[in-house]
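So the structure is just underneath, and the comments pick up after that.
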Amino acid sequence: MQNGTTTRLNFKLLESIIFIVLWLGVFLIPVLTNRTMGVVLWDKILTSWIQIGAFLCLFIINIYILVPLFLHKKQYLRYILSIVVLAPMVLCISQYAEKFNKNSEITAMPPMEIGPDMPPMELSKDMPPPVGYRLQQKNIRPSAELQFLQSFAIALLVIGTGTAYKVILLWIREEQERKQLQETLQSANMNVNDYIFVKADYKMVKIKTSDILYIESANEYIKIYLEKGETITTFMRLKNIESTLPTGKFMRVQRSFIVNLEKIIAVEKNRIFIEHKKSIPIGEQYKEGFQQYLGKNFIK
């Protein structure tokens with residue numbers, strides 16, 4: 001247990017270092033790209049940093065707060081609503097900070113010589129610029145609405161990348177924990193075919209295989225239906241749990257269903273009837289294998 005805790009702490013430290021290096025690289029990009037004639041354009045760099053800071057803020061909140069708080073607990077609606085509310089709020093604050101930074105810049109034209117022996121004339125930043133001044137720049141610059149939509153699209157990409165990373169990491173950890181438990185049982189000379197371990201509600205649940213009626217696939221999750229009417233949902237693919245079940249007692253009869261052969265009470269045409277009057281269709285590609293099972297156990 002102590003080794004597992006140490007390994008997890010080391011992984012979190014390595015994960016944090018990788019995140020810091022990646023985001024430092026992102027913050028360094030504006031410094032390298034905003035240069036003119038060897039002069040660093042700090043005003044543009046600061047504007048870029050404000051935008052990147054907003055994306056970083058969303059990334060951290062999503063990875064360390066929203067995903068553990070909602071997504072890992074399968075509260076998908078709350079997670080989506082949190083993203084929909086939080087992302088525009090952070091981006092609006094970012095755009096306001098960008099606008100404040102741009103307003104603080106000097107927009108006056110450079111000094112102009114009025115005539116011989118006359119002091120240079122300067123235009124105040126409070127005065128409107130002459131007609132045509134920076135006209136081309138204004139035509140190229142997108143509107144505030146378009147800028148917001150572009151930033152929102154990038155924010156969703158950043159959030160989606162972090163979410164995908166966390167979901168994959170969770171699946172890998174669950175598989176590792178399940179295999180470790182199976183290996184522990186084997187080293188203790190226990191019959192692993194009598195039990196399986198799955199992760200549900202942040203804990204490992206021990207399930208007696210003889211209590212399973214059938215297993216149903218639900219996208220990336222599976223539902224295990226037990227004799228007493230209890231249902232256990234876990235993040236796992238159907239083919240993964242199929243490989244851990246005893247082949248002589250369980251059979252996949254449809255793309256989304258594995259049945260306990262000992263719990264079958266009747267077979268009618270292309271349907272299997274399990275205890276509690278639950279019927280399961282037999283898939284075409286699994287029909288031949290199931291017919292062979294019936295042929296071996298059918299008494300004429």
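When a residue number appears, it is its place in the shown sequence, counting from 1.
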Open item on the list: Quiz question: by atom type and distance under 3.5 Å, do the side chains of Asn62 and Tyr79 form a donor-acceptor pair?
Closed with: yes

Open item on the list: Does any part of the side chain of Arg237, heavy atoms only, come nearer than 4.5 Å to the side chain of Ile222, both counted from C-beta?
Closed with: no

TODO: Assign the ring pair Phe152 / Phe148 to parallel, tilted or perpendicular, where the plane angle (0 to 90°) is split at 30° and 60°.
DONE: parallel

Open item on the list: Is the shortest side-chain heavy-atom distance between Leu86 and Leu66 below 4.5 Å?
Closed with: yes

Task: Check ion pair Lys287-Glu284 (N to O, under 4.0 angstrom) - done: yes

Open item on the list: Contact between Leu56 and Ile60 at the side-chain level, heavy atoms closer than 4.5 Å - yes or no?
Closed with: yes

- [ ] Check whether any side-chain heavy atom of Ile196 sits under 4.5 Å from a side-chain heavy atom of Ile212, and report yes or no.
- [x] yes

TODO: Give a yes or no answer on whether the side chain of Thr234 reaches the backbone of Lys199 with a donor-acceptor pair at less than 3.5 Å.
DONE: yes

TODO: State whether the side chain of Arg252 and the backbone N or O of Arg255 hold a donor-acceptor pair below 3.5 Å, judged by distance alone.
DONE: yes

Task: Heavy-atom donor-acceptor pair, Ser94 side chain to Val90 backbone, under 3.5 Å - done: no

Task: Side chain proximity check, Phe70 to Ile80, heavy atoms < 4.5 angstrom - done: no

TODO: With the side chain counted from C-beta on, respond yes when Val253 and Tyr214 share a heavy-atom pair under 4.5 Å apart, and no when they do not.
DONE: no

Open item on the list: Please determine whether the number of non-hydrogen atoms from other residues, nucleotides or ligands lying under 6.0 Å from atom OH of Tyr64 exceeds 12.
Closed with: yes

Task: Close side-chain approach of Ile241 to Ile224, heavy-atom, < 4.5 Å - done: yes

- [ ] Check whether any side-chain heavy atom of Val198 lies under 4.5 Å from a side-chain heavy atom of Met236, and answer yes or no.
- [x] yes

